[in-house]
Amino acid sequence: MGTHSVLQAGLARYLTPEQLQKLASVTVGIAGCGGLGSNSAFMLARSGIRNFVIVDYDVVDSSNLNRQFFFEDQLGLAKVEVCRANLLRIDNTLTITTHNARITPHTAPQYFAGCDIILEALDSVDGKKMMAELYLSDSRLFVSASGMAGWGEPYMQKRKIRDDAVLVGDFTTDIADHPPMAPKVLMAAAMQADVVLTHILGK
């Protein structure tokens, strides 16, 4: 199955060699490395995904620390690079390709060309719309998120748009009106990661 790691050895207590191989054979592309992207990435890495392509142009800010997979000593650094470093602390044998760049309708197809699954984790409505227009009709699994601000109700849900396109979130809240807090943001990220695992391993 390729390079064995401490994490892989631990996962072998819970997953079969065939399941581990399925997870290891997939490349997940993540558009955006903030609250959704950084947290989905660490959950997927801990679950046996070994190949990632992560794209974001931003740097870590103090306002990110309440919900994103970054730390105080990483302030001012490129999100994709510190996310890569943090993931490699979980398993230093992962394959992680990063692009410190903006995602546009022209660049996205290049960045995600070799990916089996596309995870939309952008924080703007325009960015989400762009990714949906690019990948809703794609044959690959596309997982998007909408509505994860504030706390409490409305509760998180999952909607299947088609067989290979899933939307998660509360579909209502907006960070323009509600603060982005860790519990709901991480719930959405976890739901995105779970959709990916379900797609690969089955129910």
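Hydrogens, waters and symmetry mates play no part in the numbers below; they use all other heavy atoms, side chains included. Since we're looking at a predicted model, the values are computed, not measured. Residue indices begin at 1 and follow the sequence shown.
Counting heavy-atom neighbours within 6.0 Å of R102 CZ, excluding the residue itself, gives a total of 12 or less. The environment of CZ in R162 is crowded: more than 12 heavy-atom neighbours from other residues, nucleotides or ligands sit within 6.0 Å.
Within the model, atoms CZ of R140 and CZ of F112 stand 9.0 Å from one another, a figure rounded to the nearest 0.5 Å. A distance of 12.0 Å separates CD in Q110 from CD1 in I103, rounded to the nearest 0.5 Å. One finds the OG atom of S47 at 7.5 Å from the CG atom of L11 (value rounded to the nearest 0.5 Å). The line from CD of Q157 to OG of S146 is 11.0 Å long, rounded to the nearest 0.5 Å. The OG atom of S144 sits 6.5 Å away from atom CD1 of I161, with the distance rounded to the nearest 0.5 Å. A distance of 8.0 Å separates CD of Q68 from SG of C33, quoted to the nearest 0.5 Å.
V26 is connected to L87 through a chain of hydrophobic side-chain contacts under 4.5 Å among Ile, Leu, Val, Met, Phe, Trp and Tyr, so both are in one cluster. Residues L23 and I118 do not share a hydrophobic cluster, clusters being chains of Ile/Leu/Val/Met/Phe/Trp/Tyr side chains in contact below 4.5 Å. Under a hydrophobic-cluster definition in which Ile, Leu, Val, Met, Phe, Trp and Tyr are linked whenever side-chain heavy atoms come within less than 4.5 Å, directly or via other members, I90 and M43 are assigned to the same cluster. Hydrophobic clustering (side-chain heavy atoms under 4.5 Å, transitive across Ile, Leu, Val, Met, Phe, Trp, Tyr) keeps L122 apart from V166. The cluster map of Ile, Leu, Val, Met, Phe, Trp and Tyr, joined by side-chain heavy atoms under 4.5 Å apart, puts I96 and V55 in different clusters.
Looking at heavy atoms from C-beta onward, D170 lies in side-chain contact with K184 at the 4.5 angstrom threshold. The shortest side-chain heavy-atom distance between F42 and N86 does not fall under the 4.5 Å cut-off. Within the 4.5 Å cutoff, the side chain of L88 has heavy atoms near those of the R84 side chain. Proximity of I117 to F142: side-chain heavy atoms (C-beta onward) are nowhere separated by under 4.5 Å. In this structure, the side chains of L119 and V195 stay at 4.5 Å or more apart for every pair of heavy atoms. Counting heavy atoms from C-beta on, the side chains of M148 and M156 come closer than 4.5 Å. Residues M191 and V143 have side chains not in contact (no heavy-atom distance under 4.5 Å, counting atoms from C-beta outward). Considering only heavy atoms from C-beta on, F171 comes within 4.5 Å of R159 through its side chain.
Judged as a ring-ring contact (aromatic ring centres under 6.0 Å, His included), and not counting sequence neighbours, the contacts of Y111 are H99. Partners of D164 by side chain to side chain donor-acceptor pair (under 3.5 Å), not counting sequence neighbours: none found. Every residue was checked against the side chain to side chain donor-acceptor pair (under 3.5 Å) condition with R46, not counting sequence neighbours, and none meets it. Taking D61 as the reference, nothing meets the salt bridge (Lys or Arg N to Asp or Glu O under 4.0 Å) condition, with sequence neighbours excluded.
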Assess the residue pair S124 and K128 against the criterion (side-chain contact (heavy atoms from CB on, under 4.5 Å)); give the C-alpha distance rounded to whole Å, side-chain angles, the decisive distance to 0.1 Å, and a yes or no. CA-CA 6 Å; S124 73; K128 291 176 180 297; over 6 Å; no
Using the side-chain contact (heavy atoms from CB on, under 4.5 Å) rule, take L77 and F70 through it: C-alpha gap first, then chi angles, then the decisive distance, then the call. CA-CA 10 Å; L77 302 176; F70 305 119; over 6 Å; no
Kindly determine whether V60 and V82 satisfy side-chain contact (heavy atoms from CB on, under 4.5 Å), including the steps that lead there. CA-CA 9 Å; V60 180; V82 291; 3.7 Å; yes
Is there a side-chain contact (heavy atoms from CB on, under 4.5 Å) between D116 and V28? Walk through the geometry before answering. CA-CA 6 Å; D116 304 291; V28 176; over 6 Å; no
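The two residues D56 and G34 make their nearest non-hydrogen contact at OD2-N, 4.1 Å. In terms of heavy atoms, A24 sits closest to N51 at O-ND2, 2.8 Å. Annotation for G37 and A121: closest pair N-CB, 3.4 Å, computed over non-hydrogen atoms. Here the closest heavy-atom approach between residue P179 and residue W151 is recorded as CG-CZ3, 3.6 Å. The two residues A165 and L136 make their nearest non-hydrogen contact at CB-CD2, 3.6 Å.
Of the possible donor and acceptor atoms, none in the side chain of T27 sits under 3.5 Å from a partner among the backbone N and O of C115. Remark: the backbone N or O of A78 is not paired with any side-chain donor or acceptor of E81 at under 3.5 angstrom. A donor-acceptor pair is defined here as one N or O able to donate and one able to accept, closer than 3.5 Å; no such pair exists between the side chain of D163 and the backbone of S139. Under the 3.5 Å distance criterion, the side-chain polar atoms of N39 are left unmatched by any main-chain donor or acceptor of A189.
A side-chain donor-acceptor contact under 3.5 Å links R50 and T93.
Between K79 and D58 there is a salt bridge, with a side-chain nitrogen of the basic residue lying less than 4.0 Å from a carboxylate oxygen of the acidic one.
Applying side-chain contact (heavy atoms from CB on, under 4.5 Å) to V53 and the options T95, T97, V80 leaves one that passes, T97.
For the salt bridge (charged side-chain N to carboxylate O under 4.0 Å, His left out) condition, no pair includes a residue of residues 13-41, sequence neighbours left out.
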Distance-only donor-acceptor hits, side chain of residues 196-203, under 3.5 Å, sequence neighbours excluded:
from	atom 1	to	atom 2	distance (Å)
T198	OG1	D194	O	2.8

